[in-house]
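To start, the structure itself, in structure tokens.
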Protein chains: 2
Amino acid sequence: MTRTEPATDTRAHLSRERVLETAVACADRHGLDALSMRKLGEELGASAMSAYYYFANKEQLLDGMVDVVFGEIEPPSPELDWKTAMRRRAVSTREALNRHRWAIGHMEGRTDHGAANIRLHDAVLGCLRGAGFSLEATVHAYSVQDAYIYGFVLQESDMSPQTAEDFAAEAQRQMEAYKDMLAEYPHIAEVVGGHVAKVGYDYATEFLFGLDLILEGLDRLRER
Amino acid sequence: MTRTEPATDTRAHLSRERVLETAVACADRHGLDALSMRKLGEELGASAMSAYYYFANKEQLLDGMVDVVFGEIEPPSPELDWKTAMRRRAVSTREALNRHRWAIGHMEGRTDHGAANIRLHDAVLGCLRGAGFSLEATVHAYSVQDAYIYGFVLQESDMSPQTAEDFAAEAQRQMEAYKDMLAEYPHIAEVVGGHVAKVGYDYATEFLFGLDLILEGLDRLRER
DNA sequence: ACCTGAACACCGTTCAAGT
DNA sequence: ACCTGAACACCGTTCAAGT
């Protein structure tokens with residue numbers, strides 16, 4: 001958070017932040033698999049093993065990278081009503097995870113939670129409690145929302161086509177490829193051929209559809 | 001699908017199925033990271049590179065492994081009403097993914113879908129169409145359900161404690177560890193300390209809570 | 001304190017060779 | 001047809017050494 005650069009830097013020095021920044025940028029561009037400690041050193045303009053001074057191993061580097069992503073998620077504002085606040089936080093989470101597709105699948109399992117993670121967690125719980133959810137209902141509400149958000153981005157980041165038009169084109173291509181099997185799979189033929197290949201599939205509106213369905217369901221769980 | 005073993009096998013021969021079976025079992029026990037092509041050869045009682053005869057590379061091996069998991073998911077029965085059928089299919093998906101924790105995160109992104117995957121996909125679409133969902137509503141309904149199911153298991157498989165009691169104990173341990181920071185994070189203190197550390201967190205009931213919330217929301221989308 | 005280079009035990013993949 | 005062994009270009013990590 002606060003940069004403590006020595007006043008007498010002879011050259012481009014390394015730092016925890018700069019290593020993290022470079023690692024995130026590198027993973028964004030080439031994927032997490034392509035990010036090796038050696039490649040990271042090179043990208044930093046330093047030696048192959050230079051990152052090991054700041055991170056004991058690759059797992060701890062990933063801990064740090066994940067918390068960078070958490071830091072980009074907009075926490076729910078206490079100014080807004082709970083539904084709007086949760087909706088915006090969900091959208092912000094989706095956006096952050098789409099900027100850093102390597103992160104999904106590593107956001108939850110960390111044994112030591114980063115500072116940004118904990119801060120966001122606390123803000124979400126506070127939003128729900130303030131809206132009149134009981135302790136139990138708060139746990140429920142948190143679970144459903146996060147399962148949905150992470151699951152949606154997981155599906156989304158795995159699919160190649162991005163826009164609704166791309167999606168329609170890809171659907172049409174796949175229909176051609178599987179043409180001889182379509183008799184065996186009539187419902188895929190109907191839904192993909194009759195709908196997706198025509199109107200496409202827009203991730204943003206699809207995301208909001210499910211999100212609002214969940215938020216409306218949760219609203220009935222509140223007290224008063 | 002159909003086994004074509006030669007009648008004159010001199011010894012324990014390899015086969016596509018046996019390689020796949022062994023790979024899945026190995027990943028179940030030690031994780032996907034620990035599964036190397038060399039280790040797999042050893043586990044098969046064959047040479048280090050033996051699996052390369054059946055799979056061009058590790059990615060195609062993973063394609064096959066993922067479809068094994070899809071094959072373990074119970075497709076929706078046409079005998080049941082749509083909500084019960086979807087509920088059972090969701091529970092079955094969660095169970096399969098919990099048996100094969102390495103699979104989550106690899107189920108969706110495959111470029112060539114396996115046979116079991118396509119079969120299940122078609123059955124789910126058929127169930128929804130048969131229940132009176134329009135083409136558009138079917139796509140919505142599929143999206144929400146799968147996002148929720150995958151996302152829930154993603155969270156679940158990342159957490160270490162399994163039972164509600166374990167969870168409560170772990171929560172208590174974490175409360176101790178973060179004691180000095182609790183003033184900064186009052187809502188975590190309240191929810192974790194006041195609820196989770198006491199009653200725990202049962203994954204199965206938590207899963208059904210969100211699932212039913214979604215299914216009930218979707219019910220209002222049907223025609224007639 | 002901060003960074004480097006060589007060394008170790010591993011990878012995935014290719015390919016000529018064996019039966 | 002089915003499998004093997006050696007070889008290549010990579011990994012993550014350790015550690016003694018440099019400044």
Side-chain angles (χ1 to χ4, degrees), chain A residues 2-24 26-27 29-66 102 105-106 109-112, chain B residues 2-24 26-27 29-66 102 105-106 109-112:
Chain A
T2 51
R3 329 186 138 259
T4 40
E5 217 73 353
T8 59
D9 53 334
T10 50
R11 205 163 317 169
H13 272 299
L14 296 184
S15 68
R16 212 192 109 93
E17 278 97 21
R18 204 162 88 73
V19 172
L20 232 35
E21 231 169 67
T22 309
V24 167
C26 211
R29 276 201 306 277
H30 311 106
L32 199 58
D33 283 348
L35 178 71
S36 71
M37 296 301 270
R38 289 168 153 91
K39 196 97 191 54
L40 178 56
E42 193 184 320
E43 209 81 18
L44 286 161
S47 83
M49 301 301 125
S50 51
Y52 276 103
Y53 184 73
Y54 296 94
F55 298 93
N57 50 47
K58 206 182 179 180
E59 199 57 27
Q60 285 190 24
L61 173 68
L62 193 55
D63 280 345
M65 292 169 69
V66 161
W102 50 267
H106 300 275
R110 315 278 101 200
T111 38
D112 51 317
Chain B
T2 51
R3 326 186 139 258
T4 40
E5 217 73 354
T8 59
D9 53 333
T10 50
R11 206 166 316 170
H13 272 301
L14 296 184
S15 68
R16 212 191 108 93
E17 278 97 21
R18 206 163 87 72
V19 172
L20 233 33
E21 230 169 67
T22 309
V24 167
C26 210
R29 277 201 306 278
H30 310 107
L32 199 58
D33 284 347
L35 178 70
S36 71
M37 296 302 270
R38 289 169 152 91
K39 196 100 192 52
L40 178 55
E42 194 185 320
E43 209 81 19
L44 285 161
S47 83
M49 300 301 126
S50 51
Y52 276 103
Y53 184 73
Y54 296 95
F55 297 94
N57 50 47
K58 206 181 180 180
E59 200 57 27
Q60 285 189 25
L61 173 68
L62 193 55
D63 281 344
M65 293 169 68
V66 161
W102 49 269
H106 301 274
R110 314 279 100 199
T111 37
D112 51 319

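First the proteins, then the strands, lettered A, B, ... as listed; each starts at 1. All values below come from the heavy atoms of this structure, side chains included, with hydrogens, waters and symmetry mates left out.
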Subject >> Partner set under side-chain hydrogen bond (donor to acceptor under 3.5 Å, both in side chains) for B:E43, not counting sequence neighbours >> reply: B:R29

Original post:
At under 4.0 Å between heavy atoms, what does B:Y54 touch on the DNA or RNA strands: base, sugar-phosphate, or nothing?
Top reply: sugar-phosphate

Using a cut-off of under 3.5 Å, enumerate the N/O to N/O pairs linking the protein to nucleotides 17-19 of chain D.
none

**OP:** Start with the C-alpha distance between B:W102 and B:V24, add both sets of side-chain angles, then the distance that settles side chain to side chain contact (heavy atoms under 4.5 Å, CB included), and finish with yes or no.
**Re:** CA-CA 9 Å; B:W102 49 269; B:V24 167; 4.0 Å; yes

Subject >> Nucleotide-resolved protein contact map, nucleotides 9-14 of chain C, B/S/- at heavy-atom distance under 4.0 Å >> reply: --BBBB

Subject >> Interatomic spacing from CZ in B:R16 to CG in B:L61 - rounded to 0.5 Å >> reply: 9.0 Å

Original post:
Please, what dot-bracket string fits DNA chain C when only Watson-Crick and G-U pairs with both distances under 3.5 Å count, crossing ones use [ ] and pairs to another strand use |?
Top reply: ||.|||||...|||||.||

Original post:
To the nearest 0.5 Å, what is the distance between CZ (B:R38) and CG (B:L40)?
Top reply: 12.5 Å

**OP:** Please report, rounded to the nearest Å, how far the C1' atom of C:dT4 is from the CD atom of A:E42.
**Re:** 15 Å

Original post:
Should B:H13 be listed as having a side-chain N or O under 4.0 Å from OP1 or OP2 of D:dC3?
Top reply: yes

Report, one line per pair, each donor and acceptor closer than 3.5 Å where one atom sits in a side chain of residues 49-58 of chain B; sequence neighbours left out.
{"residue": "B:S50", "atom": "OG", "partner": "B:S47", "partner atom": "O", "Å": "2.8"}
{"residue": "B:Y54", "atom": "OH", "partner": "B:L14", "partner atom": "O", "Å": "3.2"}
{"residue": "B:N57", "atom": "OD1", "partner": "B:E59", "partner atom": "N", "Å": "3.2"}
{"residue": "B:N57", "atom": "OD1", "partner": "B:Q60", "partner atom": "N", "Å": "3.0"}
{"residue": "B:K58", "atom": "NZ", "partner": "B:L35", "partner atom": "O", "Å": "2.9"}

**OP:** Measure the NE2-NZ distance between B:H30 and B:K39 for me, rounded to the nearest 0.5 Å.
**Re:** 7.0 Å

**OP:** Answer yes or no: does a side-chain N or O of B:Y53 lie under 4.0 Å from OP1 or OP2 of D:dC3?
**Re:** no

**OP:** Measure the CD-OG distance between B:E21 and B:S15 for me, rounded to the nearest 0.5 Å.
**Re:** 7.5 Å

**OP:** Determine the minimum heavy-atom distance between B:M65 and B:L20, stating which atoms define it.
**Re:** N-CD1, 3.8 Å

